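These notes concern the structure reproduced below.
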Amino acid sequence: MTGKQGRQWRSMCKGLVLGTLVTSCMILLYCLSTPQIHFSLPEFPVPYSCAHRPAQLHSKPTKNSSQKNTAQMCSPKVDIMFMKTHKTASSTFLNILFRFGEKHRLKFAFPDSRNDFFYPSLFERSQVKDYRPGMCFNIICNHMRFNGPEVAKLLPMDTSYITILRDPAELFESSFHYFGRLVPFTWKIPGDDKLTEFLRNPHSYFDPEGFNSFYLKNLLFFDFGQDNNVELNDPGVEEGIKFIIDRFQLVMLVEYFEESLVLLKDALCWEIEDLLFFKLNARKGSTVSKLTPELRARALEWNAIDWKLYQHFNHTFWKKVDAYGRQRMAEDVAELKRRNKEMAAICIEGGHAVDAGSIQETAMQPWQPIGEKSIMGYNLKKNVDKAHRKLCRKMLTPELQYLTELGVNLWITRLWGHVRDIINW
């Protein structure tokens, strides 16, 4: 080896060691931030809503016993707990909630210094920005590991609890792509197709005590504050599912997103204008691993608790649709799709999402997974008419930028992003 080659190798090794150290420190900083101080807070129940003004009444279509359409007056519910699960189109729904909250001048319970409530630690009221005992909030919706008693002490007693689930095989594929490089035990998986190799024999790679391991096994169950590593026949599984059943009034499904929004509109007495959306944080199709029937079966077996959870709420979802009326649902979904298509023509340059490199405005660039530019975004039309300009921009604004507009200081999240850029991730 020549002297020049030796120097090059030493330089590469030093860079690798330095990069590893910096990366490890920043991962820990991002995931843990400063140590959480858990202390006993005084108990001040929040019995009533602190909405700034009474919500306006409007008519809500219903069906009487003879299945004839009738109407009754109701006011939109404004006190909402949205349990934001991972990789479930929850960023799209968050945009809907942000706009609804601004429309009704509601008070959000936001995290401080980052975009989640110190996930994966269990939620504590003390993690809420500027929280003081007895304060009243209307909406909480950022990522957390659910802690029912603490959430209940933060919001009014009649708060509507809502969440969203996704087919666990598809969720696992998405999570493996998005978070895989943050899970150290995946680094030793050989080959280019790490997901397939992992699913061939997950037990040979998976470490339940490993850093960030929860991202790759029963992630939904973990997000709800449950133990994701117990066996399927463990009594804790049924207890955990029952806990979710008892707490959440509406469990939406990614695969039937429009139908879910229509059920939400009916349950909360919202208007169709409140439901308009563009898909945010969507992945470029070429980066999605197509699961063969065999791989899908393996993914569901590996995420058996999530699959049991999903199957239960898939069943109850369609019971709700039947109660709503299949024909009525089809008509409302068609109307929502029509309105969204209309808004896309008004707001989006080209009418569709584009690759990350083609997004012209920094304010419209979504957060990307480590080592990837796979999350697509939008270009806002330059000559949007005045009547739609503000709404278009808000509908297209990615989650982090919208949080900043709403007053959240994301210094930890942004510091992590700068470090990733420096080390060319």
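Start at 1 with the first residue, then count along the sequence. It should be emphasised that the depicted structure is a prediction, and the values quoted were computed from it without experimental measurement.
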Check whether any side-chain heavy atom of [X] sits under 4.5 Å from a side-chain heavy atom of [Y], and report yes or no.
X      : Y      : value
Leu216 : Ser175 : yes
Lys107 : Met135 : yes
Arg181 : Thr186 : no

Checking ring pair (Phe, Tyr, Trp, His ring centres under 6.0 Å) for the pair His86/Phe222: CA distance, chi angles, key distance, verdict?
CA-CA 10 Å; His86 283 87; Phe222 182 85; 8.8 Å; no

Identify the heavy atoms of [X] and [Y] that sit nearest to each other, and give their distance.
X      : Y      : result
Asn218 : Asn303 : N-OD1, 2.8 Å
Glu255 : Arg166 : OE2-CG, 3.5 Å
Met83  : Met144 : CE-O, 3.3 Å
Lys129 : Pro111 : CB-O, 3.7 Å

Apply ring pair (Phe, Tyr, Trp, His ring centres under 6.0 Å) to Phe214 and Phe221, showing your working.
CA-CA 10 Å; Phe214 52 84; Phe221 207 58; over 10 Å; no

Evaluate the salt bridge (charged side-chain N to carboxylate O under 4.0 Å, His left out) criterion for residues Lys381 and Glu349: first the C-alpha distance (whole Å), next the side-chain angles of each, then the deciding distance (0.1 Å), finally the verdict.
CA-CA 5 Å; Lys381 275 190 174 180; Glu349 190 68 44; over 6 Å; no

Can you label the angle between the [X] ring and the [Y] ring as parallel, tilted or perpendicular, going by 30° and 60°?
X      : Y      : result
Phe100 : His104 : tilted
Phe108 : Phe110 : parallel
Trp302 : Phe198 : perpendicular

Identify whether the distance between the nearest side-chain nitrogen and carboxylate oxygen of [X] and [Y] falls below 4.0 Å.
X      : Y      : answer
Asp167 : Arg296 : yes
Lys242 : Glu238 : no
Lys103 : Glu271 : yes

Keeping the roles fixed (side chain from Gln401, backbone from Ala363), state whether a donor-acceptor pair exists under 3.5 Å.
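Present.
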
Do side-chain atoms of Glu150 reach the backbone of Arg125 as a donor and acceptor pair under 3.5 angstrom?
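Between the backbone of Arg125 and the side chain of Glu150 there is a qualifying donor-acceptor contact (under 3.5 Å).
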
Can a donor-acceptor pair be found between the side chains of Ser91 and Glu399 at a distance below 3.5 Å?
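The answer is yes; a qualifying pair exists.
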
From the options Lys319, Lys320, Arg326, select the one residue that forms a salt bridge (Lys or Arg N to Asp or Glu O under 4.0 Å) with Asp322.
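Exactly one option meets the salt bridge (Lys or Arg N to Asp or Glu O under 4.0 Å) with Asp322, and it is Arg326.
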
Evaluation steps, side-chain contact (heavy atoms from CB on, under 4.5 Å), between Phe277 and Leu261:
CA-CA 10 Å; Phe277 71 92; Leu261 291 180; 3.7 Å; yes

Summary of disulfide (SG to SG under 2.5 Å) pairs that have at least one residue in residues 147-199, sequence neighbours excluded:
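Every candidate disulfide (SG to SG under 2.5 Å) pair involving residues 147-199 fails, so no pair, neighbours aside, qualifies.
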
Enumerate the residue pairs fulfilling disulfide (SG to SG under 2.5 Å) with a member in residues 278-357, sequence neighbours excluded, ordered by first and then second residue.
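Listed by first then second residue: Cys347-Cys392.
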
Please check if atom CD in Gln311 has more than 12 non-hydrogen atoms from other residues, nucleotides or ligands closer than 6.0 Å.
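Yes, CD of Gln311 has more than 12 neighbouring heavy atoms, counting only those of other groups under 6.0 Å.
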
Please confirm whether Arg247 makes a cation-pi placement over Phe243, using NZ or CZ under 6.0 Å from the six-membered ring centre and within 45° of the ring normal.
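Ring-cation test returns no.
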
Centroid separation under 6.0 Å, is that true for the rings of Phe248 and Phe224?
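When the ring centroids of Phe224 and Phe248 are compared, they turn out to be within the sub-6.0 Å range.
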
Answer yes if the ring centres of Phe185 and Tyr205 are under 6.0 angstrom apart, and no otherwise.
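Between Phe185 and Tyr205, the centre distance exceeds or equals 6.0 Å.
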
Evaluate the ring pair (Phe, Tyr, Trp, His ring centres under 6.0 Å) criterion for residues Phe93 and Phe82: first the C-alpha distance (whole Å), next the side-chain angles of each, then the deciding distance (0.1 Å), finally the verdict.
CA-CA 9 Å; Phe93 187 70; Phe82 174 58; 4.6 Å; yes

